[in-house]
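These notes are about the structure you will find just below.
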Amino acid sequence: MKSKEKLVITRLYRVISLFALLVVGTLSASAADMYVETLPVPMSKASGEIQKALATHHFKVVMHIDILKRIEAKQSILHIQNLNPEKFQDVQAMVFCNPVLFSDLLSANWHSAAVCPLNLTIYGKGNQTTIAYPERAAFTNGTAASKVGAKIDHLVIAALRSIPGAASK
C-alpha cells in the first residue's frame, strides 16, 4: 500500500473513530432519550439554520463533519457492505459546546463532564432534513449533575425548536 493511501486511510479512520465514539455513547441510552426534529428544508439550508439556532442559544459549533461524503469517497478502499440503505443524500455530524455548562458539569460531578462535547447528527433526503440529538439527561440522571444534564437538554432542544419550520414548537 502506498504511503499516500495509508495517510488517507489513517485520517478517515480517525474521523470514523471520533464519530463512533460519539455514537457509542449515544447507543447506551434508549430511543426515548433521543430528541428528533424534522425540518421541511434541504440539508443545504438546514445546516446553516441549525448552527445559527445553536449560536443564538450560546452554543459554539466546534466541528462539522460530512460523515457520509467522507465514507463514500473512500468506499473503493473500505468496501462497506450495505452502505446507506436509507438512501440519504447527506449525513453530517455537528459537535458543539458551551463552556459554562461544561464547567457546571465539572463542578457538579466531574465524571459527568464526559457527556461533552455535545453532538447531533443531521440526515438529509430530498427537501427534508432530520436532526437527532442524544439527550444528556440519560447519562446524568442519578448523579449530582442531573440538573445540569436536564438544563443542557432544555437549551439544546429549545434551540432546535426555534429553527424555522420545526414541527415541535
Side-chain angles (χ1 to χ4, degrees), residues 10-41 43 45-71 86 88 90-125 128-169:
T10 301
R11 286 183 180 163
L12 185 59
Y13 176 78
R14 287 178 183 160
V15 168
I16 292 170
S17 296
L18 172 63
F19 185 68
L21 284 172
L22 295 172
V23 170
V24 166
T26 300
L27 292 177
S28 65
S30 72
D33 299 318
M34 188 74 63
Y35 177 80
V36 178
E37 182 68 64
T38 300
L39 305 172
V41 295
M43 173 81 79
K45 182 175 182 185
S47 182
E49 292 293 333
I50 294 165
Q51 289 188 54
K52 188 165 71 172
L54 289 170
T56 300
H57 286 77
H58 309 288
F59 292 99
K60 169 80 172 144
V61 174
V62 294
M63 191 180 332
H64 189 171
I65 307 168
D66 198 335
I67 298 297
L68 185 59
K69 297 258 188 290
R70 285 180 178 241
I71 294 171
E86 295 291 326
F88 290 110
D90 206 353
V91 179
Q92 300 178 9
M94 266 187 209
V95 179
F96 56 101
C97 68
N98 174 308
V100 174
L101 295 172
F102 177 74
S103 177
D104 290 348
L105 287 168
L106 279 174
S107 297
N109 176 358
W110 67 269
H111 294 110
S112 294
V115 303
C116 285
L118 307 169
N119 66 292
L120 53 82
T121 305
I122 312 161
Y123 305 86
K125 189 187 286 187
Q128 187 169 313
T129 301
T130 300
I131 307 162
Y133 165 71
E135 295 181 31
R136 293 328 201 243
F139 303 100
T140 60
N141 282 341
T143 73
S146 62
K147 288 182 182 177
V148 180
K151 181 179 180 179
I152 290 170
D153 291 341
H154 174 78
L155 292 170
V156 172
I157 292 168
L160 297 177
R161 287 181 174 163
S162 75
I163 300 169
S168 57
K169 290 192 179 245

Quiz item: Would Ile163 and Ile131 satisfy side chain to side chain contact (heavy atoms under 4.5 Å, CB included), going step by step from the backbone distance to the final call?
Solution: CA-CA 11 Å; Ile163 300 169; Ile131 307 162; 4.1 Å; yes
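Counting heavy atoms from C-beta on, the side chains of His57 and Val156 never come closer than 4.5 Å. Under the 4.5 Å side-chain criterion, counting only non-hydrogen atoms from C-beta, Pro99 is not in contact with Lys60. Contact annotation: the side chain of Thr121 never approaches that of Ile67 to less than 4.5 Å [non-hydrogen atoms, C-beta and beyond].
Thr140 contributes atom OG1, which lies 10.5 Å from atom CD of Glu135 (distance to the nearest 0.5 angstrom). To the nearest 0.5 Å, atoms CD (Glu37) and CG (Leu120) are separated by 11.5 Å. Considering CE of Met43 and CD of Gln92, their distance stands at 4.5 Å, rounded to 0.5 Å. Atom CD1 of residue Ile122 and atom CG of residue Asp66 lie 9.5 Å apart, to the nearest 0.5 angstrom. Atom CG of residue Leu39 and atom OG of residue Ser47 lie 11.0 Å apart, to the nearest 0.5 angstrom.
At most 12 non-hydrogen atoms from other residues, nucleotides or ligands lie less than 6.0 angstrom from NZ of Lys45.
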Show me the side-chain donor-acceptor pairs of residues 145-155 shorter than 3.5 Å, one per line, residues at least two apart or across chains.
{"from": "Ser146", "atom 1": "OG", "to": "Thr143", "atom 2": "O", "distance (Å)": "3.4"}
{"from": "Asp153", "atom 1": "OD1", "to": "Tyr133", "atom 2": "OH", "distance (Å)": "2.7"}
{"from": "Asp153", "atom 1": "OD1", "to": "Arg136", "atom 2": "N", "distance (Å)": "2.7"}
{"from": "Asp153", "atom 1": "OD2", "to": "Arg136", "atom 2": "N", "distance (Å)": "3.1"}
{"from": "Asp153", "atom 1": "OD2", "to": "Ala137", "atom 2": "N", "distance (Å)": "2.8"}

Donor-acceptor pairs under 3.5 angstrom involving side-chain atoms of residues 48-56: please list them, not counting sequence neighbours.
{"from": "Gln51", "atom 1": "NE2", "to": "His64", "atom 2": "ND1", "distance (Å)": "3.1"}
{"from": "Thr56", "atom 1": "OG1", "to": "Lys52", "atom 2": "O", "distance (Å)": "2.9"}

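Residues satisfying the ring-ring contact (aromatic ring centres under 6.0 Å, His included) criterion with Phe96, sequence neighbours excluded, are Phe59.
Among all heavy-atom pairs drawn from Thr38 and Thr130, the shortest one is OG1-OG1, 3.3 Å.
A donor-acceptor contact shorter than 3.5 Å links the side chain of Ser162 to the backbone of Ala159. With hydrogens and angles disregarded, a donor-acceptor distance shorter than 3.5 Å links the side chain of Thr129 to the backbone of Val41.
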